[in-house]
J.: 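Let me begin by handing over the structure; questions about it come next.
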2 protein chains.
Amino acid sequence: MTDTTPRRRGRPPSGGREAIREATLALLRERGVARLTTRDVAERAGVSEASVYYHYTDKAGLLRAVFEAGLERLQSAAVDGDGTLLTFGQELERFLEQALPVMTAAQSDADLRDALAAHMVANDLGPHRGVQTLGAHLAAGQRAGTVRPDLDPQAAAMLFVSSCLLRVAQRQFVGRADAPPVPSLERTVAQFEALIRPVA
Amino acid sequence: MTDTTPRRRGRPPSGGREAIREATLALLRERGVARLTTRDVAERAGVSEASVYYHYTDKAGLLRAVFEAGLERLQSAAVDGDGTLLTFGQELERFLEQALPVMTAAQSDADLRDALAAHMVANDLGPHRGVQTLGAHLAAGQRAGTVRPDLDPQAAAMLFVSSCLLRVAQRQFVGRADAPPVPSLERTVAQFEALIRPVA
DNA sequence: GTCTATAGGTTGATAGAC
DNA sequence: GTCTATCAACCTATAGAC
């Protein structure tokens with residue numbers, strides 16, 4: 001065997017970079033951006049404050065790195081159209097559950113907001129990805145005869161995808177403590193499938 | 001006539017309070033909470049900084065007042081189920097367009113986040129309101145025979161309501177500059193109406 | 001690459017006159 | 001109720017040694 005062991009090329013790192021990013025994300029969720037200080041990030045990550053500035057030039061750079069890392073999973077994990085509709089919804093909600101806090105955090109600063117928007121446009125990220133994925137799946141279902149032919153795949157897909165967003169948003173905004181009276185994912189799946197079924 | 005003229009009782013105000021709140025909201029949208037300072041609020045409102053602290057005890061109190069004022073419209077305007085589905089969607093989006101920035105802003109501080117959540121629970125605010133409103137409308141449609149009887153009104157309503165949220169969220173997050181490839185309200189309305197129509 | 005120490009600049013909040 | 005003046009705290013960022 002030649003060299004299957006993943007020997008890193010350049011950096012023999014101490015893991016400081018990652019630790020800083022993870023600490024930032026954790027504090028972001030706990031306290032929100034307004035109370036996020038480089039001091040606390042450094043302490044939580046177990047490094048000095050200067051280290052933070054060494055790796056990420058400034059606070060904005062740190063935050064940008066955090067949400068770019070958090071969002072890049074969408075690229076791959078972007079929920080393949082295979083599997084059941086329930087699975088799709090679960091994966092989507094799981095993704096949103098971790099992406100939404102980061103995106104809302106970016107809204108707190110105009111510069112960050114713009115940076116995030118630019119990043120999303122550049123990498124073709126956004127809700128439309130989920131819509132397109134499910135839309136394609138529905139279109140395939142139409143050709144297979146399992147979905148009613150008079151359906152607008154994109155529009156229908158949006159209905160379902162957005163319901164996942166609403167559920168996650170509600171959990172994040174009003175908190176998961178007191179049961180929210182909004183239909184569950186399972187119930188929504190059942191309803192959606194009933195609606196898109198061929199009428200004949 | 002006795003006294004139809006709305007003569008205020010206690011305060012012959014100079015409008016300072018409102019000016020401060022409006023300035024806060026404006027700056028909130030422009031810069032985000034992270035860069036919102038009481039200094040700038042005062043300047044924008046045309047008052048001194050001390051005035052801000054006189055009316056609202058501290059910064060958190062100011063922000064709480066802002067989003068309570070911004071959200072109380074939901075109470076009344078909560079979009080009556082009359083009118084067309086298109087009208088309903090338009091009103092809902094208009095409301096979200098102004099409520100969402102405030103709600104995302106609250107996410108930037110743990111205390112504010114909790115305060116907002118408590119306020120929403122206490123006043124029974126949240127996405128479920130729209131769902132229930134439209135759900136009731138759909139149920140009425142079922143009794144009238146204009147909506148297919150095997151429909152789950154709540155679940156179906158959620159599909160539509162959430163699509164409005166997604167549209168607004170996309171506009172706010174990625175920005176309205178580059179046209180987002182997500183189906184328009186009109187297209188969604190058309191699709192939704194086609195889906196809930198009786199099959200017979 | 002990581003540390004300690006510190007400079008420099010904001011910011012939230014208060015005191016006290018009017 | 002509104003102002004001016006001011007403080008104390010804090011936070012970002014840098015300098016320089018190791």
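Lettering of chains follows the sequences in order, A, B, ..., and the numbering in each one begins at 1.
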J.: What's B/Ile20 touching, base or sugar-phosphate or nothing? Going by heavy atoms closer than 4.0 Å.
T.: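 No contact.
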
J.: Tell me, please, which residues at least two apart from B/Arg21 pass side-chain hydrogen bond (donor to acceptor under 3.5 Å, both in side chains).
T.: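 Counting only residues at least two positions away or on another chain, B/Arg21 forms no side-chain hydrogen bond (donor to acceptor under 3.5 Å, both in side chains).
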
J.: State which residues pass side chain to side chain contact (heavy atoms under 4.5 Å, CB included) with A/Ala99; sequence neighbours excluded, sorted by chain then number.
T.: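 Listed in chain order: A/Leu71, A/Phe95.
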
J.: How close or far is atom P of C/dT11 from atom CG of B/Asp109, stated in whole angstroms?
T.: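 Taking atom P of C/dT11 as the reference, CG of B/Asp109 is at 16 Å.
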
J.: With no hydrogens and no angle check, just 3.5 Å: does a side-chain donor-acceptor pair link B/Ser162 and A/Ser163?
T.: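 There is no such pair (donor and acceptor under 3.5 Å, judged by atom type) between the side chains of B/Ser162 and A/Ser163.
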
J.: Among residues at least two apart in sequence or on other chains, which ones pass salt bridge (charged side-chain N to carboxylate O under 4.0 Å, His left out) with A/Asp58?
T.: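 Residues passing salt bridge (charged side-chain N to carboxylate O under 4.0 Å, His left out) with A/Asp58: none at all.
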
J.: What is the distance, to the nearest angstrom, from the CD atom on B/Glu43 to the P atom on C/dG12?
T.: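 Rounding to the nearest Å, CD of B/Glu43 and P of C/dG12 are 14 Å apart.
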
J.: List the residues meeting salt bridge (charged side-chain N to carboxylate O under 4.0 Å, His left out) with B/Arg39, not counting sequence neighbours, and say none if there are none.
T.: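 In terms of salt bridge (charged side-chain N to carboxylate O under 4.0 Å, His left out), with neighbours along the sequence ignored, B/Arg39 is linked to B/Glu49.
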
J.: OP1 or OP2 of D/dT12 sitting under 4.0 Å from any side-chain N/O of A/Thr38?
T.: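 Looking at the OP1 and OP2 atoms of D/dT12, one of them is under 4.0 Å from a side-chain N or O of A/Thr38.
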
J.: Would you please name every residue forming a side chain to side chain contact (heavy atoms under 4.5 Å, CB included) with A/Ala156, sequence neighbours left out?
T.: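 Testing A/Ala156 for side chain to side chain contact (heavy atoms under 4.5 Å, CB included), a comparison that skips the adjacent residues, returns A/Leu138, A/Leu151, A/Phe192, B/Gln191.
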
J.: Can you name the residues that form a side-chain hydrogen bond (donor to acceptor under 3.5 Å, both in side chains) with B/Arg113, not counting sequence neighbours?
T.: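 Once residues adjacent in sequence are excluded, B/Arg113 has no partner under the side-chain hydrogen bond (donor to acceptor under 3.5 Å, both in side chains) criterion.
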
J.: Please list, pair by pair, any protein nitrogen or oxygen found under 3.5 Å from a nitrogen or oxygen in nucleotides 4-9 of chain D.
T.:
none

J.: Where along residues 53-66 of chain A does a heavy atom come under 4.0 Å from DNA chain C, residue by residue in number order?
T.: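 Hits under 4.0 Å, by residue number: A/Tyr54, A/His55.
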
J.: Enumerate, atom names and distances included, each donor-acceptor pair closer than 3.5 Å involving a side-chain atom of residues 183-190 of chain A, sequence neighbours excluded.
T.:
from	atom 1	to	atom 2	distance (Å)
A/Ser184	OG	A/Arg187	N	3.2
A/Arg187	NE	B/Asp152	OD2	2.7
A/Arg187	NH2	B/Asp152	OD1	3.0
A/Thr188	OG1	A/Arg167	NH2	2.7
A/Thr188	OG1	A/Ser184	O	2.7

J.: Between P on C/dT10 and CZ on A/Arg35, what's the gap in Å once rounded to a whole number?
T.: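 My rounded result for the distance is 22 Å.
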
